[in-house]
Amino acid sequence: MLPRKISAQAARPDAVPVGLAASWYVGMSSGQLGRNPVAVRLFGRDLVAWRDRTGRPVIAERFCPHQGASLALGKVVDGELRCPFHGWRFEGSGKCVRIPGSDRIPTTARLETYPVQERYGFVWVWYGTPEPLFALPDFPPRGADRDRYIGFRYADRTIGTARQLLENAFDYFHFEALHGLSLDSTEFRMLKDQSEAADNGSPIETDAWLGSWFEGVATPGHPVRDPYRWLVAKSATFAAGDSFEVLVDGWPGGQRFTGYVDGKVFYKVLLAIVPIEERRTTQVGWMVTPRGSGIGLRTLFNLFMLFGQYRGGSTQDLPVYNNTEAETGTLRAWHDNGLLRFRKYYQSWVDRVDPAFGGRP
């Protein structure tokens, strides 16, 4: 299924996200897509999703090339999307395969489609070029290792940009300033190769990969300013010491995290971006914690603690995203090296967007 140029009819140019990288993004959750077509807003475009006769998701431009009717109002018949206006039917490749009352189907009667994969409970969509430039990354806690973890899905809406949400993980100083982790000592470094991020999953393809590692230590003389959140992590991991580490790696449209307390895994996270349109973004994903033997009180306690960590962090981050003019800051501080490294990497994937495909650098 090779998408071609997205028609102007399917987009409002002023709503296309500016500076969006070529990458895999989440389009919707798998549970949203059942027997009927679903209207989807992505990349500043009005799209439609349905399942073909094999059950595979399809995401295409929403409007029929005949007279412009919304195909989201149609029906799925034997895996083909039927237009509600004149009954034209489209298969999963986007090709029109049936026109009532006519044996001749114009070669131009087709919908433009996007490369799609379904994994981890989400429908993923490739944006920026006709074919994906790298494979969708692995997240073992929702794949091969799913029996070892328990967790929850999350979704946070914001007017922050995709770049702003993703660069947050490489802006380590905000952990202290915003999240209250006032520490005796900290260490941050960018990773050199994928082998250093093996705890997060299978290696991400080299050009698409970027990773970092952060460690903080709190001592009695330099306690954290948010002791509740620190106590939560220590209680969930039976940790006796005062160090925590965060391992991050990702691709231009998402990230994987492993969090440790005193070297013991407390959580793993899959973070993905839903780029709806300019200044309308949702970050979605999974947060999981190691599962004990069965679902006992300790496992449930850890899960409860993890949810508390998530809510505490998102409550602090989201107001900043929603009230930041992300493109105006020009001054640089000593701790911005990781942030600047991420921005250079991210821009390299913005530059790979093919304007003819419908992207706008």
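Note that the numbering runs from 1 along the sequence shown for the chain.
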Legend entry - Point-to-point distance, once rounded to the nearest 0.5 Å, from CZ of F63 to CD of E112: 14.5 Å
Legend entry - Pair W213, E196: side-chain N/O donor-acceptor within cut-off below 3.5 Å: no
Legend entry - Expected output: side-chain R56 to main-chain E118 donor-acceptor under 3.5 Å: no
Legend entry - Within-4.5 Å side-chain heavy-atom neighbours: F85 and S70: no
Legend entry - Gap separating the OG atom of S212 from the CG atom of N337, nearest 0.5 angstrom: 12.5 Å
Legend entry - Over 12 non-hydrogen atoms of neighbours within 6.0 angstrom of CZ in R153: yes
Inset, instruction - Would you check if there is a donor-acceptor pair between the side chains of Q347 and D351 at a distance under 3.5 Å? - result: yes
Inset, instruction - Verify the cluster assignment for I159 and L20: are they in a single hydrophobic cluster under the rule of side-chain heavy atoms below 4.5 Å apart? - result: no
Legend entry - Residues R98 and E91 bridged, charged N to O under 4.0 Å: no
Legend entry - A169 versus Q255, closest heavy-atom pair with distance: CB-OE1, 3.7 Å
Legend entry - Nearest heavy atoms of T113 and A60, plus distance in Å: CG2-CB, 3.7 Å
Inset, instruction - Return yes if some donor-acceptor pair links the side-chain N/O of K268 with the main-chain N/O of D199 below 3.5 Å, else return no. - result: yes
Legend entry - Under 3.5 Å: donor-acceptor pair, side chain of E205, backbone of A135: yes
Inset, instruction - Give the intermediate values and the outcome of side chain to side chain contact (heavy atoms under 4.5 Å, CB included) for residues T289 and I150. - result: CA-CA 6 Å; T289 192; I150 186 170; 4.0 Å; yes
Inset, instruction - Check the angle between the aromatic planes of F134 and W349 and answer parallel, tilted or perpendicular using the 30° and 60° thresholds. - result: perpendicular
Legend entry - Side-chain heavy-atom pair T161, R279 within 4.5 angstrom cut-off: yes
Inset, instruction - Could you give me the CA-CA distance, side-chain angles and deciding distance for R291 and D147, then say whether side chain to side chain contact (heavy atoms under 4.5 Å, CB included) is met? - result: CA-CA 8 Å; R291 182 194 296 268; D147 291 340; 5.7 Å; no
Legend entry - D46/R41 salt bridge by N-O under 4.0 Å criterion: yes
Legend entry - Any donor-acceptor pair under 3.5 Å from T282 side chain to A155 backbone: no
Legend entry - Check: D52 side chain, G55 main-chain N or O, donor-acceptor pair, under 3.5 Å: yes
Legend entry - Ion pair check, E167 and R163, cut-off under 4.0 Å: yes
Inset, instruction - Applying ring-ring contact (aromatic ring centres under 6.0 Å, His included) between Y114 and each of F43, W24, W126, report the one that passes. - result: F43
Legend entry - Nearest atoms (heavy-atom pairs only) where A197 meets L247: CA-CD2, 4.0 Å
Legend entry - Side chain proximity check, L165 to D156, heavy atoms < 4.5 angstrom: no
Legend entry - S348 side chain vs Y345 backbone, donor-acceptor pair below 3.5 Å: yes
Inset, instruction - Using atom types as modelled and distance alone, determine if a side-chain donor or acceptor of N200 lies under 3.5 Å from a backbone N or O of R256. - result: yes
Legend entry - Aromatic plane relationship, W124 with Y120 - under 30° parallel, 30 to 60° tilted, over 60° perpendicular: perpendicular
Legend entry - Heavy-atom side-chain contact between I273 and T281 under 4.5 Å: yes
Inset, instruction - Find out whether L71 and W50 are in side-chain contact, i.e. whether some heavy atom of one side chain is under 4.5 Å from a heavy atom of the other. - result: no
Inset, instruction - Find out whether V26 and V123 are in side-chain contact, i.e. whether some heavy atom of one side chain is under 4.5 Å from a heavy atom of the other. - result: no
Inset, instruction - Please round to the nearest 0.5 Å and tell me the distance separating atom CD of E131 and atom CG of D354. - result: 12.0 Å
Inset, instruction - Hey, could you give me the CG/CG distance between N168 and L339, rounded to the nearest 0.5 Å? - result: 9.5 Å
Legend entry - Closest non-hydrogen atom pair between P37 and V48, with its separation: CB-CG2, 4.0 Å
Inset, instruction - Give, for atom CZ of F122 and atom CZ of F139, the distance between the pair rounded to the nearest 0.5 Å. - result: 10.0 Å
Legend entry - Same apolar cluster (I L V M F W Y, side chains within < 4.5 Å links), W88/L73: no
Inset, instruction - May I ask you to check whether F244 and F266 place their ring centres under 6.0 Å from each other? - result: no
Inset, instruction - Using the six-membered ring wherever Trp is involved, compare the ring planes of Y127 and Y25 and label them parallel, tilted or perpendicular (cut-offs 30° and 60°). - result: perpendicular
Inset, instruction - Determine, using the 4.5 Å side-chain heavy-atom cutoff (strictly less than), whether V350 and I276 are members of one ILVMFWY cluster. - result: yes
Inset, instruction - With the side chain counted from C-beta on, respond yes when Y267 and V246 share a heavy-atom pair under 4.5 Å apart, and no when they do not. - result: yes
Legend entry - Check: F152 ring centroid to F307 ring centroid under 6.0 Å: yes
Inset, instruction - Return the minimal non-hydrogen interatomic distance between V40 and A49, and the atom names on each side. - result: CG2-CB, 3.9 Å
Legend entry - Heavy-atom side-chain contact between M28 and L33 under 4.5 Å: yes
Legend entry - R53/E80 ion pair, N-O < 4.0 Å: yes
Inset, instruction - Would you check, one step at a time, whether the test salt bridge (Lys or Arg N to Asp or Glu O under 4.0 Å) holds for R189 with E215? - result: CA-CA 9 Å; R189 63 182 174 86; E215 180 178 13; over 6 Å; no
Legend entry - Heavy-atom neighbours of R157 CZ exceed 12 at 6.0 Å: no
Inset, instruction - Any chance you could measure L166, atom CG, to R343, atom CZ, to the nearest 0.5 Å? - result: 12.0 Å
Legend entry - Intermediate values then yes/no, side chain to side chain contact (heavy atoms under 4.5 Å, CB included), L210 and M190: CA-CA 8 Å; L210 191 69; M190 301 299 294; 3.8 Å; yes
Inset, instruction - Go through the steps to decide whether C96 and R110 satisfy the test side chain to side chain contact (heavy atoms under 4.5 Å, CB included), and finish with yes or no. - result: CA-CA 5 Å; C96 180; R110 61 183 304 124; 5.7 Å; no
Inset, instruction - Establish, from distance only, whether the side-chain atoms of Q283 and T158 form a donor-acceptor pair under 3.5 Å. - result: no
Legend entry - Minimum-distance pair of heavy atoms, taken over all atoms of G27 and V274: O-CG1, 4.4 Å
